[in-house]
Structures are given as structure tokens and as C-alpha cells.
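In the text below, chain A, chain B and the rest are named by the order of the sequence lines, each starting its count at 1. If you're wondering where the values come from, they're calculated on a predicted model, not measured in any experiment.
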Amino acid sequence: MSQDFYHPPAKKFKPGSPHSIHNWKGAMQPGPRKQPVPIEQQRRSLPIYQTRAQLIGQLRQLESAVIIGETGSGKTTQIPQYLYEASIGRQGIIGVTQPRRVAAISLATRVSEERKTELSKLVGYTVRFEDVTSEETKIKFLTDGMLLREAIGDPLLRRYSVVILDEAHERTVHTDVLFGVVKTAQKKRKELGKLPLKVIIMSATMDVDLFSQYFNGAPVLYLEGRQHPIQVFYTKQPQSDYLQAALVTVFQIHQEAPSSHDILVFLTGQEEIEAMTKTCRDIAKHLPDGCPQMTVMPLYASLAHFQQLRVFQNAPKDHRKVILSTNIAETSITITGIKYVVDTGMVKAKKYNPESGLEVLAVQRVSKAQAWQRTGRAGREDSGICYRLYTEDEFEKLEKMTIPEIQRCNLASVVLQLLVLRVPNILTFDFISKPSPDSIQSAIEQLDLLGAVERKEDQIILTPLGKKMAAFPLEPKFSKTILTSPKFHCTEEILTIVALLSVDSVLHNPPAKRDEVQASRKKFISSEGDHITLLNIHRAFKNLGKNKEWCRENFINGRNMVLVSEVRAQLRDICIKMSMPIESSRTDTRNIRQCLAHALFMNAAELQPDGTYTTVETHQPVSIHPSSVLFHCKPACVIYNELLHTSKCYMRDLCVVDADWLFEAAPEYFRRKLKSAKN
DNA sequence: GAGCACTGC
């Protein structure tokens, strides 16, 4: 078997532009070194150093700028320091946002080393649960979500003289909202004659015009990086089976290339990756003599941490490392030594349908930007090769950019946040990419049902309850659940349940040990549903002194359990600040379920005479997700945390409730629903 | 009747 590829004319992004200030062509690659290089010398050897003076000159003048830098240009570590060294923005803090916690922490650590200062002094970072800054901090790295939280307390971002939004091309919901927040803050501060706010957008090669236009035609500065050339191959024919194509390509490379060349394959999900891992290992056992050995490693987010770490280890001598990964290896995890990238061109991603309120998780084609991001993973240390398992025609037909997250998610949180930021009209808010009006309306309706907003003469007004809801770092429906709990005297338990639901699953389900897992989980299972079952698990965990050994024996993810404690403590602090009474319902679970029913009445489903379920809201047929403890049960009436459409429309995280409770919670709503059902 | 892309406050 063999796969036919051809090599199209070489293509590279062209950094040449009206504002291109330097073209750097990879002449200064770090060779093998024996002595550690002094930090100052390292800084000077970065490509960006050549352009330092010019860059400072331009940034001093500009109110806003867009900086396009290839990976390895050093922009994120150097530009904040250049500004500081040139006394630009010394009156306030230079804030640099990152989409991910680890990035914020490691960048702050690196820059504080370069400044030869203790972390938290001149250079610090703020992420959830950790504030490593002080009065002295002038360069602060933080997650974009964290800056957004700060903006709620201070929409003008008064403490900041410069805000740098880094990795803007990733277009997280938080970054997208921040675009609007910093633009508004900049304008208002100017109007009020306050300290000006300098805004710098840093991004990879895409989206340039959009960013520049949004900031009133801000100049675009280009920086070249240390990316090595990558050859890109396309298939000659469209592939009907991308898994088969990936398999063939991997073994073709394996038989031809030196064993030190590692391969990274982009696939779509856990199941697919586990299956492919097994197939590769089986085939690798029966390779002809003289062929190198193969070490196959799966990589996806829900994989145990120690197994994720394996991808950083070198394979044994004469073994080739083959990593089968989800898009986690596109941005979140960077693996060194990858020579070959195999791109199936597919990704599993969430889409949101505002009409049905349904999230759909589906395998779909990647965008061009994503394809280039994957390709770039092959050229980090040396030249690389990328095999795209689709034709060049197919590539040309891909969307240019991935649709920004804000246009494909439920906006309830975003709208609540904007309201608390005192945005006068959500529908006309200056989003860099507008979500559909349907999607905004649907979010407002959800918030209305939760009692977070009121409509007064076409105006959407935040209620006192809504204002309290915005104080919690949670989805509005979970904030509402906490705020409902005092009425049912079960805040202690609800805090635990909400904390458990807002981290990744604490349940560890290794596919190979399914029977063992089921047997050990039996002792925690409550016939009242998943919420109470989770509460039982947490109780046992706490009573046994948060024992790690116990976690292992019971297939509980200990790390996530620790995270639950941190989240719970944070939520509890917020309750205390609001002077909420915090009571325990002790052994009574009825109160807890009533509380859930009252807060989540719009997420109810009823058993039909034919044994299926339909939602009360839209009469949509739904099923119980196989991960639920109620999977084999048929309670008459349940509430669920979310609907997820995969192969079917599934309810996830269920709780058995009385239909009467739902009616009590929202009599008008259910009267309306009954009417519409009859018609 | 049988399943879970990825972040983050």
C-alpha cells in the first residue's frame, strides 16, 4: 500500500508590507553550545533585537498597534521589556494577556529571569487561584479571562498604561470580549483626559486587516521569526477514509525516513486515537527486518497527566516516535523534534444552534489557518515535512479562518458580563466579529428565565440577582443554583456540587478497566442521579482525608479533586462576601434536588409513554448520556445540566426531580409551555 | 439504547 502525494510550488507567508520593519532569514540559529549563554546575550541574539530601536520609536508614538510575529520572534518576552526600558507606560502597569494559564506563568518566570528580579517584584503574573504580583509589579502577565474579571471592577482598566493582547489570532471568547473592553476604555480615558491606554494586539500571521480596522486603522508591524522551511505535500486524489490514509502515510514515512525523525498525526478524538494507537502498534509488530521500531503515543486532554508527559521523552534508540494527537498539539502542547506532520484536515469542534439552544459536537474540516498551524509544528527546530491528507483543491476550498468561538457558543455568560460592564446596548456592542442577533437574543432569554435581567421599554436591565450572578466565575445557571440554595438550606452541598461540575470530570474511566471501574463506583451511586452521586464521592474523599491512594483505587482523578477544593473555596468566599448564610442540609438530599429543580427548571425532560424523553422547553427528543448513573433507569422527570448533540441528542448530568417542584419554581413558564404543547 | 474537541474565570 502506498499513498500518492505531489509537491505543489513552495508557499510561504509574505511578511512584506507597508510597515514591514525587518526581514530576518534564519541566519542565527542557535548551534550546539557547551557553555550556558548569558541571558543578556540570549536576548540580543533574538531576531526581534535587530529591530529594537525602530520598534520602540514606533510604539512610543502609536495609540494602538498590531504586531504580527512568527513563532520564535521573541515578541512576547521582549516587547514588554523594551517598553519598560524605554520608559513607555511607566506610570502604570504593562499588562500582557495569554489564553492559557501555563503560558502566563512560564512567560512571567522567563521575563523575571531576564530582568534578574524576583518573580512578583518588577515582573509578576495573575491567574485564577494565584496572584504573584506586588505593588512594585510593572510587567504583568495574566490570562485573558483574568483581565476580563478585573475589568468588571474597573471598566477603564485604570491601573494599566499598556495592554498587550497576545495570541489574538486564537480568538478565544475572552480575547474577543477584551477587544471591545480595551477599545472602549481607551476612548473613554481619552475623553476624560486621563492617562492614555496604549493597546497592542499581537498575533500570528492571520487576521491582520480585521485587527487593524477594528482599532481605527492601527499600523501593522511585522516581525520575522525562526521558523524553518517546511515542505507541504497534498494527496493527488481526495481521500474517502482519512483514517486509512493516515495509517498508510505513517507507515510509508516509517519505512523511508531515518528513525530519529518523529511523526505527529492530527486526528479528532479520544476513541479514534485509541483505536489508531492499537492498529499502529499491531502493524508495527510485523514489520520487515531492517525497519526501525515504532513507539506509538496517544495524546488528548483527558489522558492521565503522566501519560501526556510521555510525549516529551525520547523514544528508545532506533525507535521512531509517532504521536497521535487531537488539536491539543496545535497550540497547548509543543513537542520538540517533530520532523513530520500528518494532517487529516479534520477536527472535532463545537457548534451552537441558538434556535434549539443545542450544542453540537461534530467532526468537521479545519480552516486554512488551522492547517498552517498544524504544518508549523513540523518546523520548530529544523526543516520539516507536512503531509496533508487532502488535495490542494480541497485545501483552497477550506474556510480562511476558524470561526471565532464567540460565534459558536452559548452567550449567556458573555452577555451577563457585558451587562455588568455597563455596556449600554448589547445588540449594538462593538464586537470585533458580531455574533448573530439570534444568538444574543437567545442568551438574553436565558438570562431572563434565570431572573438575571428585566426588560424595560426595550432596554435590558440587570437585576440585583443578575449582578450577584456575575460575581461568580461560573456559567449563569450555576451561579443561579448557588444563589437559590439558601432558600433550601443546602448551600454547603450545592457549593460542592457546582465545584464538581465546573472542573473536568473527577471520574477516571480507563477503557481497558471498564468492569473494575463499574464495580468500584457502585458504592457511590445514588438512584437520585449524577449530582447526588458526585456529592457522595466527594464526601468519601473528604472523610478519608483526601487520600491519593484511595483515589487511585476508586478511579477518581485526584488532581481534579484538589482543583474542586480550590474552586469550592473561591465560590464560598464570594458567598461570604455577599453575606449569604451557608447551611448544610446534612443527610437530606431532597432539599438539594429541590434547589436544583428551582434553579434549572428550564432544563427539564419528561419520560414519554413510549419510553423516550422529550425536553419541556422545546419538546425535542433526548436521551440519557451513557456516562450518567441513570443510563439504565427511567425516572419520570429529570433536570439536566446540558444537552450535547453527538451521535444523538444527549442530556448530561441528570437529577431526578418531582414535576411539582418544577411547576412551583416557575408556574407562569410551565403554564406557557403547556399551552404551546397543546397547540 | 452505548460516549466524552480545547481552553478559562
Side-chain angles (χ1 to χ4, degrees), chain A residues 97-104 126-131 142-153 167 170-178 266-274 299-303 325-333 344 346-351 359-364 366 370 373 402 405-406 408-409 413-414 416-417 420 469-476 478-479 499 502-505 507-509 511 514 518 563 566-567 570-571 574 610-613 621-628 630-634 642 644-653:
Chain A
T97 69
Q98 292 294 318
R100 282 168 293 281
R101 291 167 56 94
V102 271
T126 308
V127 296
R128 190 180 186 183
F129 309 127
E130 253 189 298
D131 183 6
L142 69 175
T143 44
D144 47 15
M146 207 65 216
L147 186 61
L148 207 51
R149 274 281 137 194
E150 287 187 14
I152 290 175
E167 309 285 8
E170 288 192 27
R171 304 296 303 275
T172 69
V173 180
H174 289 154
T175 315
D176 262 31
V177 177
L178 276 177
F266 283 101
L267 297 165
T268 67
Q270 171 177 348
E271 214 178 59
E272 188 176 283
I273 287 169
E274 289 295 348
L299 179 63
Y300 46 87
S302 63
L303 195 68
S325 175
T326 61
N327 43 347
I328 195 170
E330 259 171 39
T331 48
S332 305
I333 294 181
T344 56
M346 306 305 275
V347 66
K348 200 182 276 186
K350 214 177 241 184
K351 289 189 275 191
E359 291 177 329
V360 184
L361 194 58
V363 172
Q364 45 201 300
V366 297
Q370 223 172 343
Q373 178 68 28
T402 308
E405 201 185 350
I406 202 157
R408 47 189 178 86
C409 72
S413 296
V414 171
L416 185 63
Q417 241 153 9
V420 82
M469 281 166 61
F472 291 94
L474 293 170
E475 275 178 60
F478 290 139
S479 313
S502 62
V503 306
D504 287 339
S505 177
L507 309 176
H508 182 226
N509 297 312
R514 212 141 120 181
Q518 279 195 339
L563 201 59
E566 287 183 303
V567 174
Q570 188 188 26
L571 300 177
I574 296 168
D610 66 355
T612 63
Y613 284 88
V622 289
S623 309
I624 298 178
H625 195 276
S627 67
S628 172
L630 299 178
F631 184 52
H632 292 289
C633 311
K634 292 213 180 291
E642 62 170 358
L644 184 69
H645 197 114
T646 50
S647 61
K648 270 202 278 186
C649 189
Y650 287 108
M651 302 179 276
R652 286 218 291 197
D653 298 314

Using a cut-off of less than 4.0 Å, is there contact between a side-chain N or O of A:T143 and OP1 or OP2 of B:dG8?
no
Report the distance from atom CD of A:Q98 to atom C1' of B:dT7, rounded to the nearest whole Å.
13 Å
May I ask you to say what A:R149 touches in the nucleic acid, namely base, sugar-phosphate or nothing, with a heavy-atom cut-off under 4.0 Å?
base
Could you state the NZ-P distance from A:K348 to B:dG3, rounded to the nearest angstrom?
10 Å
Using whole Å, report how far CZ of A:F129 lies from P of B:dG8.
11 Å
Taking for each residue the nucleotide of DNA chain B with the nearest heavy atom, is it A:A301 or A:L474 whose nucleotide lies nearer the 5' end?
A:A301
From C-beta outward on A:R128, which listed nucleotide comes closest to its side chain: B:dA5, B:dC9, B:dT7?
B:dC9
Mind calculating the distance between CD (A:E405) and P (B:dA5) to the nearest angstrom?
16 Å
Counting C-beta onward and ignoring hydrogens, is there a side-chain heavy-atom pair between A:L644 and A:K350 closer than 4.5 Å?
yes
Contacts of A:E130 meeting side-chain hydrogen bond (donor to acceptor under 3.5 Å, both in side chains) (sequence neighbours excluded), chain-then-number -> A:Y125
Counting only heavy atoms not in A:E271, do more than 12 sit closer than 6.0 Å to its CD atom?
no
If you check the A:N327 side chain, which of B:dA5, B:dC9, B:dT7 turns out closest?
B:dA5
Spacing between A:L571 atom CG and B:dG8 atom P, to the nearest angstrom
17 Å
So, is A:Y650 close to the B:dG3 phosphate, meaning a side-chain N or O under 4.0 Å from OP1 or OP2?
yes
Residue A:K648, side-chain atoms from C-beta onward, closest of B:dC9, B:dG1, B:dC6
B:dG1
Tell me which nucleotide among B:dA2, B:dC9, B:dA5 gets nearest to the side chain of A:V127.
B:dC9
Here the distance between atom P of B:dG8 and atom CG of A:L563, to the nearest Å, is 10 Å
Nearest-neighbour nucleotide for the A:I328 side chain, B:dT7, B:dG8, B:dA2 considered:
B:dT7
Under 4.0 Å between a side-chain N or O of A:S647 and OP1 or OP2 of B:dA2?
no
Just how far, in rounded Å, is C1' of B:dG1 from CZ of A:F631?
5 Å
What nucleic acid atoms does A:S627 come within less than 4.0 Å of, heavy atoms only: base, sugar-phosphate, or nothing?
base
So which nucleotide from B:dC9, B:dA2, B:dA5 ends up closest to the side chain of A:P626?
B:dA2
Flag side-chain contact, heavy atom, 4.5 Å: A:R171 against A:I406
no
Salt bridge (Lys or Arg N to Asp or Glu O under 4.0 Å) partners of A:R100, counting only residues at least two apart:
A:E170
State, yes or no, whether a side-chain contact exists between A:L142 and A:E150 at a heavy-atom distance under 4.5 Å.
yes
Testing B:dG1, B:dA5, B:dT7 for proximity to the side chain of A:R100, the answer is B:dT7
Whole angstrom is fine here: how far is it from CG in A:L178 over to P in B:dC9?
12 Å
